[in-house]
Engineer: 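Shown below is the structure under consideration.
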Amino acid sequence: MEKIKVGLLTMSDGREYLHEEYAQLNMDYQREIKEALESTGLFEVTAGDVPVHSNEEAKREAKKLQRAGVEATIFNYTIWCYPQFTAVALNFAPGPYLLFCNLHPSECGMVGMMAAAGTLEQLNVKFQKLWGSINEPEVLGKMVDFLKAAAAVKRLKGMTFGNFGGRPLGMYTAVANLEQWQKEFGIDVENVEQDDIIRAGETVAEEKVEHAFAWLEANVGSIAYDGIGLTPEKLKLQIRSYYGLRKIIADRGLDFVGIKAHGDLTDRYITMDIAEAFLNDPYDFDGPKEPIVAATESDMDGALTMQLFKLLTGKPVLFADVRHYDKENDVWFFSNSGTHATYFAGASMDPAENLKHVTFCPETHYYPAGGASVHHFARAGRVTLARLARKNGKYVMTIVPAEIVEFDKEKMTAMGNTTTPAWPVAFTRLQVTADEFLEKFPCNHIHGVYGDCTEALKLTARLLNMDVQILQ
């Protein structure tokens, strides 16, 4: 994951004699913040050369951050400092903005921060406040969450979503408004014909397809050829589809994609399950790679939710249907034929570790063209689930803290057989009751990552002017 570029300016007192008295203290605090952030390996920090104690310094130091292309700015308050310096710096220092102060009774950092915060409120500038010692893990964690959220929002701007095929199966919730995406997120939408996948796949060299085919046969736990729905030829066609999509994504500069597939490719060509799974994976047949968010059924708001998760964590993101609730075991079956990355089979960056738990099954009767469905049971672990959805044209982020659970293989197989045996399943236990979840969750698709991402998602929603509901 590319390091987040962070700007750091420390504000000072406008009175020269007090500025000089506390200059070293100011720089010591600034150095601590810079070192703490860079020690995480996530950030590249551009810090001010001096504590800011004049309008001219505020302008000069903020322009330095601007030239460095920082994605968020931290204003640091260690002592009392003139709020005007923050106001001047805002003209050049890139946002989003975090106002941070120490917590020491003999120093007036909190007073300085609160005065600056009041100024920003009057100027109608969005910001977040944080206080405490950067040496405390909880404080550093909160700063990291904010900076991840800030970078995610910043990095959305200028992205392009590749929409292959348009609305699937009559779903309103899968289609978003082009103007709204550009206005609120800075995202453009490129509509692409699904036939382009076929044509691009046909150009892939035979030896490249054969290499990928051999790699899959050597690494996938089981490939259940049946001579009808799943044959070596159909699997190779799915490989061509994957490479064709990679070519289109590269040629057109697409950052994340959605693929309709249903009723078109799935009826007359081949399913996109292999392509979607490996696009979302952190590896493919040729080695490690960055996950490329690909939403099945060309679900635009689903893809946007996934892209935010990816920008916050750098991890593969789950896409699943809200399929079934098993009252006896208190688990939800989150399952979908496409887009369920093989990463979730083992939660490892090593493809061999994940793929040994994967079975390629013949596609079901839903998809007459055939091909392989990527079946596995998701590895147990804490997860954060979420979904962006619109109500009366306004986006709301729904967050669902949860845990994926496992049972013994025989029991999971029996449970999976009650739905669609060929599809992957994440058996998931929620904190919220089934009734409340079904009442409040906004649609049929759900997304998520391993780990606790709740605070970062909340901050992201705040920066994007969205309401948040947490189901727990």
Engineer: Do Phe377 and Phe344 have ring centroids that are under 6.0 Å from one another?
Structural biologist: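 No, too far apart.
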Engineer: Measure the shortest side-chain to side-chain distance between Met27 and Pro51 over non-hydrogen atoms and say whether it is less than 4.5 angstrom.
Structural biologist: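 They are in side-chain contact.
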Engineer: Would you find more than 12 non-hydrogen atoms of other residues, nucleotides or ligands less than 6.0 Å from Glu16 atom CD?
Structural biologist: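 Yes, CD of Glu16 has more than 12 neighbouring heavy atoms, counting only those of other groups under 6.0 Å.
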Engineer: Heavy-atom distance under 4.5 Å between the side chains of Asp286 and Lys208, does that happen here?
Structural biologist: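 In contact.
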Engineer: Measure the shortest side-chain to side-chain distance between Leu457 and Leu312 over non-hydrogen atoms and say whether it is less than 4.5 angstrom.
Structural biologist: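 Sidechains of Leu312 and Leu457: in contact.
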Engineer: Tell me whether the guanidinium CZ or amine NZ of Lys126 lies under 6.0 angstrom from the six-membered ring centre of Tyr97 and within 45° of its axis.
Structural biologist: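 Relative to the ring axis of Tyr97, which defines the angle, Lys126 lies outside at least one limit.
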Engineer: Please check if any side-chain donor atom of Asp350 sits under 3.5 Å from a side-chain acceptor atom of Ser348, or the reverse.
Structural biologist: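 No pair is found: no donor N or O on one side chain lies under 3.5 Å from an acceptor on the other.
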Engineer: Could you check whether atom NZ of Lys440 has more than 12 heavy atoms from other residues, nucleotides or ligands sitting under 6.0 Å from it?
Structural biologist: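 Counting neighbours around NZ of Lys440, 12 or fewer heavy atoms of other residues, nucleotides or ligands fall under 6.0 Å, so no.
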Engineer: With rounding to the nearest 0.5 angstrom, report the CZ to CD1 distance, Phe100 to Ile74.
Structural biologist: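 Answer for the CZ-CD1 pair, Phe100 versus Ile74, is 8.5 Å.
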Engineer: Would you give the length of the straight line joining atom NZ of Lys260 to atom CG of Asp299, rounded to the nearest 0.5 angstrom?
Structural biologist: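 If we round to the nearest 0.5 Å, Lys260:NZ and Asp299:CG are 14.0 Å apart.
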Engineer: What I'd like to find out is whether the side chain of Asn76 reaches to under 4.5 Å of the side chain of Ile33, using heavy atoms alone.
Structural biologist: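 Sidechains of Ile33 and Asn76: in contact.
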Engineer: Could you check, using the six-membered ring where one of them is a Trp, whether Trp181 and Phe161 have ring centers closer than 6.0 angstrom?
Structural biologist: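 Yes: the rings meet the under 6.0 Å criterion.
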Engineer: Backbone N or O of Val88 within a donor-acceptor pair of the Asn91 side chain at under 3.5 Å?
Structural biologist: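 Between the backbone of Val88 and the side chain of Asn91 there is a qualifying donor-acceptor contact (under 3.5 Å).
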Engineer: Met306 and Val293: which non-hydrogen atoms are nearest, and at how many Å?
Structural biologist: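 Minimum heavy-atom separation between Met306 and Val293: CB-CG1, 3.6 Å.
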Engineer: Verify side chain to side chain contact (heavy atoms under 4.5 Å, CB included) between Asp284 and Tyr242, making sure each step is shown before the conclusion.
Structural biologist: CA-CA 10 Å; Asp284 64 11; Tyr242 170 78; 2.6 Å; yes
Engineer: Strictly distance-based, threshold 3.5 Å: is any side-chain N or O of Asn280 a donor or acceptor partner for the main-chain N or O of Pro316?
Structural biologist: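 Not confirmed, Asn280 side chain does not pair with Pro316 backbone.
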Engineer: Please tell me if the side chains of Gln469 and Leu471 come closer than 4.5 Å, counting only heavy atoms from C-beta onward.
Structural biologist: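 Sidechains of Leu471 and Gln469: in contact.
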Engineer: Verify, without hydrogens or angle tests, whether Thr428 (side chain) and Ala426 (backbone) share a donor-acceptor contact under 3.5 angstrom.
Structural biologist: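 Yes: the side chain of Thr428 pairs with the backbone of Ala426.
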Engineer: With rounding to the nearest 0.5 angstrom, report the CE to CG distance, Met11 to Leu99.
Structural biologist: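 Going from CE on Met11 over to CG on Leu99, the span is 8.5 Å.
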Engineer: Should we count CH2 of Trp215 as having more than 12 external heavy atoms under 6.0 Å?
Structural biologist: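 Yes, because the 6.0 Å sphere around CH2 of Trp215 holds more than 12 heavy atoms from other groups.
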Engineer: Establish, from distance only, whether the side-chain atoms of His447 and Thr305 form a donor-acceptor pair under 3.5 Å.
Structural biologist: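 Per modelled atom types, His447 and Thr305 side chains form no pair under 3.5 Å.
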Engineer: Let me see the working for Thr86 and Thr119 under side chain to side chain contact (heavy atoms under 4.5 Å, CB included), right down to the final yes or no.
Structural biologist: CA-CA 9 Å; Thr86 302; Thr119 302; over 6 Å; no
Engineer: Would a line drawn from the ring center of His445 to the ring center of Phe319 be shorter than 6.0 Å?
Structural biologist: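 When the ring centroids of His445 and Phe319 are compared, they turn out to be within the sub-6.0 Å range.
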Engineer: So does Gly346 get a backbone contact from the side chain of Asn354, meaning a donor-acceptor N/O pair under 3.5 Å?
Structural biologist: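 Looks like yes, one N/O pair under 3.5 Å.
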Engineer: Is there a side-chain contact between Asp321 and Ser335 in this structure, where contact means two heavy atoms from C-beta onward sitting under 4.5 Å apart?
Structural biologist: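 Heavy-atom side-chain distance check fails, nothing below 4.5 Å.
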Engineer: Could you report the tightest heavy-atom contact between Glu107 and Thr78, atom names first, then the distance?
Structural biologist: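 Minimum heavy-atom separation between Glu107 and Thr78: CB-O, 3.5 Å.
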Engineer: Report, as yes or no, whether the 6.0 Å neighbourhood of atom CZ on Arg15 holds more than 12 heavy atoms from other residues, nucleotides or ligands.
Structural biologist: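 Correct, the count exceeds 12.
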Engineer: What class does the angle between the rings of His340 and His376 fall in, given that below 30° is parallel, 30 to 60° is tilted and above 60° is perpendicular?
Structural biologist: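 Geometry flag for His376 against His340: perpendicular rings.
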Engineer: Using the ring of Phe92 (Phe, Tyr or Trp, six-membered ring only), decide whether Lys63 places NZ or CZ under 6.0 Å from its centre and within 45 degrees of its axis.
Structural biologist: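 Verdict for Phe92: a cation-pi partner in Lys63.
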Engineer: Give a yes or no on whether the backbone of Ile404 and the side-chain of Arg429 come within a donor-acceptor separation of less than 3.5 Å.
Structural biologist: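 A pair under 3.5 Å: no.
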Engineer: Tell me, do Glu32 and Tyr29 make a side-chain contact under 4.5 Å, heavy atoms counted?
Structural biologist: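 In contact.
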Engineer: What's the spacing between Met143 CE and Glu138 CD if we round to 0.5 Å?
Structural biologist: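 Interatomic distance, Met143 CE to Glu138 CD, rounded to 0.5 Å: 13.0 Å.
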Engineer: Say you draw a straight line from OG of Ser298 to CD of Gln194; how long is it, rounded to the nearest 0.5 Å?
Structural biologist: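 One finds 7.5 Å between OG of Ser298 and CD of Gln194.
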Engineer: For Ala295, does its backbone N or O pair with a side-chain atom of Thr339 as donor and acceptor, under 3.5 Å?
Structural biologist: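 Answer holds: no.
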Engineer: Show the numbers, then the answer: is there a salt bridge (Lys or Arg N to Asp or Glu O under 4.0 Å) between Lys310 and Glu290?
Structural biologist: CA-CA 10 Å; Lys310 180 198 162 182; Glu290 181 181 348; 2.7 Å; yes
Engineer: Taking the side chain as every heavy atom from C-beta outward, state whether Gln472 and Val432 have any pair of such atoms under 4.5 Å apart.
Structural biologist: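 Counting from C-beta outward, Gln472 and Val432 never come under 4.5 Å.
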Engineer: Determine whether the aromatic ring centres of Tyr283 and Tyr343 lie less than 6.0 Å apart.
Structural biologist: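 Distance test on ring centres: not under 6.0 Å, no.
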Engineer: With ring centroids as reference points, do Phe127 and Phe75 lie under 6.0 angstrom apart?
Structural biologist: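 Centroid separation for Phe127 and Phe75: 6.0 Å or greater.
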Engineer: Pairs in or reaching into residues 142-160: which pass side chain to side chain donor-acceptor pair (under 3.5 Å), with residues at least two apart or in two chains?
Structural biologist: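 Every pair satisfying side chain to side chain donor-acceptor pair (under 3.5 Å) with a residue in residues 142-160: Glu71-Arg155.
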Engineer: CD of Glu276 to CD1 of Ile292: how many Å apart, nearest 0.5 Å?
Structural biologist: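 Interatomic distance, Glu276 CD to Ile292 CD1, rounded to 0.5 Å: 13.0 Å.
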Engineer: Given Val405 and Val331, is the side chain to side chain contact (heavy atoms under 4.5 Å, CB included) satisfied, shown in steps?
Structural biologist: CA-CA 8 Å; Val405 299; Val331 292; 3.6 Å; yes
Engineer: Shortest non-hydrogen contact from Ile470 to Pro401?
Structural biologist: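 Residues Ile470 and Pro401, closest heavy atoms: CG2-CD, 4.0 Å.
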Engineer: Treating Gln180 as the side-chain partner and Gly393 as the backbone partner, does any N or O pair qualify as donor plus acceptor under 3.5 Å?
Structural biologist: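 Yes; at least one donor-acceptor contact below 3.5 Å.
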Engineer: Where do Met397 and Asp467 land on the side chain to side chain contact (heavy atoms under 4.5 Å, CB included) test, with the steps shown first?
Structural biologist: CA-CA 6 Å; Met397 180 179 287; Asp467 292 332; over 6 Å; no
Engineer: Ignoring hydrogens and geometry, is there a side-chain-to-backbone donor-acceptor pair from Gln30 to Gly48 under 3.5 Å?
Structural biologist: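 Such a contact is found between Gln30 side chain and Gly48 backbone.
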Engineer: Could you check whether atom NZ of Lys59 has more than 12 heavy atoms from other residues, nucleotides or ligands sitting under 6.0 Å from it?
Structural biologist: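 Not more than 12 within 6.0 Å, no.
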Engineer: Looking only at atom types and distance, does a side-chain atom of Glu38 sit under 3.5 Å from a main-chain N or O of Val45, one as donor and one as acceptor?
Structural biologist: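 Such a contact is found between Glu38 side chain and Val45 backbone.
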Engineer: Could you please spell out the steps behind the ring-ring contact (aromatic ring centres under 6.0 Å, His included) verdict for Phe185 and Tyr395?
Structural biologist: CA-CA 11 Å; Phe185 312 119; Tyr395 273 97; 5.4 Å; yes
Engineer: Taking the six-membered ring for Trp and the single ring otherwise, decide whether the centroids of Phe85 and Tyr77 are under 6.0 Å apart.
Structural biologist: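 Between Tyr77 and Phe85, which both carry aromatic rings, the centre distance is not below 6.0 Å.
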Engineer: Mark yes when over 12 heavy atoms from residues, nucleotides or ligands other than Glu193 sit less than 6.0 Å from its CD; otherwise mark no.
Structural biologist: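 No.
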Engineer: Can you name the one residue among Phe427, Phe437, Phe441 that meets ring pair (Phe, Tyr, Trp, His ring centres under 6.0 Å) with Trp332?
Structural biologist: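 Filter result, single survivor: Phe437.
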Engineer: Indicate yes or no for a side-chain donor-acceptor contact from Gln307 to the backbone of Leu156 under 3.5 Å, with no hydrogens or angles considered.
Structural biologist: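 Checked: no pair found.
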Engineer: Can you tell me if CE on Met171 sees more than 12 non-hydrogen neighbours from other groups inside 6.0 Å?
Structural biologist: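 Above 12, so yes.
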